[in-house]
Every structure is written in C-alpha cells, then in structure tokens.
Amino acid sequence: MDFAPDTTTQRITRRVRDLVTDEVLPAEPVLAEQLAATPGDWTFRPVVHHLQATARERGLWNLFLPPGGPVGEHSGGLTNLQYAPVAELTGYSPKLAPVAMNCAAPDTGNMELLAHFATPEQRERWLGPLLDGTLRSAFCMTEPAVASSDATNIATRIVRDGDEYVITGRKWFATGAMNPDCGLLIVMGKTDPGAARHRQQSMVLVPRDTPGVTVVRGLTVFGYDDRDHGGHAEIRFDDVRVPATSLLGGEGEGFAMAQARLGPGRIHHCMRALGTAERAMDLVRERATRRVAFGTPLADQGVVREWLATSRIEIESLRLLVLKTAWLMDTVGNKAAMTEIQAIKIAVPRAVGQILDRAVQVFGAAGVSGDHPLAELSAGVRTLRLADGPDEVHLASLGRAELRRRAPYLTSATTSSERTAPHTPLEGDPT
C-alpha cells in the first residue's frame, strides 16, 4: 500500500491550501457578521457566493466526484485516495471550505445518488443544477417517531396510485431543507411493507414546493441552528403526489441505494474531521504558548504536553486508516472496504471528539464560548457519532463480520485482489 501523494494530489492540495489560507479563513469573521445582521435568514450569505466564485475560477469544484461515470466533465477527477487530503484541508474550516468548492453534505451524497441511479431525465432536471451549484437538496430519511438507526423501521409510506406516488409521513433533520434554494427532497419510505425487510423501501424525488409538503420548523444541534447552510428541517408529507417517473431507481431498492450513498459520505466525514482536529491542534499550540497558569506558560505544563502528544498519535494513526480505506475503495470497491469504512466511522469521530475536548480544557471558559470555534466544532463532530449510522450499529455489524472470517489470521486474505466476503457485513445488515 503506497499512500504517498502523487503529483496530482500534491498539485490540488497546494491549491486548496492556498484557498483555505488566503480566502476561507479570512471569510470566517465576515460570515459571522453577515449571519448576525440577518437573523431568521436561511440562505447562503454573500460571502459564501464570493468564495464559490473564487473556487470555481481556481478549478476547485466538485472535487469529491471520482473520474468517469455519467457526470463527465463535471467530475473533479480525483480518486478517493487523492481526495482524502483535499477533504482534510476543508475540515479545517467546515462551515465554509466544503461549500465553497461544492463539496458539502448533503448535496454531495445526493449528487452521487443521482449520478448512479437516476434516469437521464432526472439527471437533467436535478443533477445538472446541483453540479452547477445553483440548486440545493435535502435527504429525508430520519424520522422522529421511530428508531431510524434501523432503516427498516421507517414508517413513511409511498403508495402507487395510477401514474402517481402518494407520500405520507414525517421526517426530521433534513439538512439544508430550510434554505429557500433547496428545491429537491429525496424521500425514503416504504412502498411494500409486506416484502423482505430490506426490499420494503424506495426513494422518490420530491420538489420542495409540491402541495402537501410542509416544512414544520428548523431544528438545532446542541443549540446551533446552522443557518449558514440551511439548517436541519422537520418536514411533514400529507398525501403528497408526485409522478411515477419521480421514483429513483426501482421499487424496493431504497435500502441498497441508501447504503451506496452513505459509504462515500462516511469517509468524507472522517476526512474532514481530521482537518478539524488539526485546527484544534493549531489553536492549542497558540494558546499554550501565550497563556500562563501557576507561574509558567501552559506549554510547560506536563499534562498539556501529554495531551498534545496523545492527540498527535491519534491523528497520525487515524489518517493512515482513512487513507487505507480510501485506497481500498479505489482498488476493490466500497463493499469490500466495508470493514474499514465502518472502522473509521467509529474511530475518527470518537478520537476527534476527545481531541476537541482536550482543546476546550486548555482554553478553559473561553473554550465553551462563542469567542472561539471549539464549541461549535465539538457539536459538529459529536453529531457524527449519530449521522450515517450510530456507533453502536456499526460496532454490532463490524463484530458480526469479524466472527464470520472463515480463516485464521495467518491464512486470511491480506491483499486487495484477495479481499473476499468475510470482510463485509452480514447480508442485509442495516449499516
């Protein structure tokens, strides 16, 4: 496994680093001012549009999309392994850098869904504007009335009625749906409750302005409303009718498509989280050298040095695991890389959460205030332990997969070409 960045990766990361350093970080206080000046506004602020124009001029657009496939020239042209250090850099400023390059969730996952499963007509209507950055979208899967960690619990109904589908149900934490520019809702519900557990669900493409769609409220995450990107909406669907041509993929394929969407999304989250950890390390180093306690700088305190050392070990270890996962996704595919995808989804948010918690301790009361980014960064990283499947579900699936390995360690497959089924979760596992 050779994880050394190739010339393409080096070239792109230099350009992304320059964008983050020269444009994105100076824009953070500007965004804060624009958010404060426009309470109740869920749209992108002018500074975001400026950054997007700058990123496009520099050729830093849709970098998350791998080469090939139906998106053609719209692809960023990077493999997962090439994109990993790019995504890490964007995690240094998670509110601005990803969206500046049209690489922010949930639009990234939704674009991948449309690229892989949409009809040509659906791609023309929805995927084109998303790739261009003129449209926003939301993914409506999680529900307030059931344990959505088990996707087979989903209660929203999608019923065929002639040449239409009728949708009834309630969703929440539909990220981005409060933004008026959000024109597309990808809704997951049950079309056949009597089918096999993982063939009951389907997805439909619902225009946000369809009669019967009601955006009930914007939700908060640890008190943050995330107005900068469109928040997280609770949405009610009351006998919402869409043409049968709005079905994404086929009936009963919703569960499988959700897993296809969440695989790349999980690794993107982990890549960005490492950049967030590096941001915390920079803040701690600066704070520790300037702040004095008990007569000496914090940097001279043994516990602070231990925290920094522990955090560095965790970052370097997890970066290698993320790179290995990206390499496997490129060489043997997402399914064969599921063990590593689940491993980083569990390990990275946990470790980065601890790194941020140590940083808060170094900052003391200031660490939990709005004067520094640590509190908001902590809220975002803590949420990752729930988003795209909670830790416990991934641990259960990963443990079952470990029990299914067919051979002892010394004789098990170790190369990409030998990677086989024992490394994947149980068939139909909800993760």
Side-chain angles (χ1 to χ4, degrees), residues 1-3 64 79-85 87-88 91 105 108-109 112 149-151 258-278 310-356 380-410 412-431:
M1 305 177 197
D2 184 1
F3 300 147
F64 72 97
T79 66
N80 286 297
L81 185 58
Q82 291 170 328
Y83 181 62
E88 179 178 327
T108 49
E112 288 173 333
S149 56
D150 179 358
Q259 302 316 302
R261 178 189 186 277
L262 294 176
R266 288 165 181 148
I267 191 171
H268 293 169
H269 281 315
C270 292
M271 293 167 178
R272 288 189 293 264
L274 290 176
T276 298
E278 290 288 10
T310 300
S311 297
R312 176 51 56 197
I313 292 168
E314 291 170 341
I315 290 172
E316 297 301 327
S317 302
L318 290 171
R319 181 181 286 120
L320 285 173
L321 184 53
V322 168
L323 291 174
K324 178 193 176 186
T325 305
W327 174 77
L328 284 170
M329 292 171 70
D330 290 336
T331 55
V332 297
N334 295 359
K335 184 176 181 180
M338 188 56 69
T339 291
E340 285 76 13
I341 291 174
Q342 290 183 312
I344 63 171
K345 176 59 176 64
I346 297 163
V348 173
R350 281 184 173 184
V352 175
Q354 293 173 339
I355 291 168
L356 287 165
V381 169
R382 178 60 182 87
T383 305
L384 289 184
R385 294 178 60 192
L386 296 171
D388 296 349
D391 288 3
E392 292 74 16
V393 176
H394 288 289
L395 284 164
S397 175
L398 191 55
R400 286 194 294 269
E402 192 65 24
L403 288 169
R404 293 184 67 193
R405 290 180 183 267
R406 297 193 186 102
Y409 171 75
L410 291 178
S412 63
T414 57
T415 68
S416 61
S417 61
E418 296 169 336
R419 193 48 87 100
T420 55
H423 298 266
T424 63
L426 288 171
E427 177 67 27
D429 191 281
T431 61

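Basis for what follows: all heavy atoms, side chains included, without hydrogens, waters or symmetry-related copies.
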Sidechain-backbone polar pair: Arg266 side chain, Gln342 backbone, donor-acceptor under 3.5 Å: no
Any donor-acceptor N/O pair, Ser397 side chain to Val393 backbone, under 3.5 Å: no
Residues forming a side-chain contact (heavy atoms from CB on, under 4.5 Å) with Ala351, sequence neighbours excluded: Glu314, Leu318
Contacts of type side-chain contact (heavy atoms from CB on, under 4.5 Å), residue Asp330, not counting sequence neighbours: Thr79, Asn80, Leu81
Minimum-distance pair of heavy atoms, taken over all atoms of His394 and Asp388: NE2-O, 3.1 Å
Side chain to side chain donor-acceptor pair (under 3.5 Å) partners for Asp391, two or more places apart: Arg350, Arg385
Pair Lys324 + Glu340: basic N to acidic O under 4.0 Å: yes
Candidate list Ile315, Thr310, Thr276, test side chain to side chain contact (heavy atoms under 4.5 Å, CB included), partner Ile355, passing option: Ile315
Under the side chain to side chain donor-acceptor pair (under 3.5 Å) test, residues paired with Thr383 that sit two or more places apart: none
For Arg319, side chain to side chain donor-acceptor pair (under 3.5 Å) partners two or more places apart: Glu88, Glu278, Glu316
For His268, ring-ring contact (aromatic ring centres under 6.0 Å, His included) partners two or more places apart: Tyr83
For Ala387, side-chain contact (heavy atoms from CB on, under 4.5 Å) partners two or more places apart: none
Nearest atoms (heavy-atom pairs only) where Cys270 meets Ile344: SG-O, 3.3 Å
Gap between atom CE of Met329 and atom CD1 of Ile341 - 0.5 Å precision: 4.5 Å
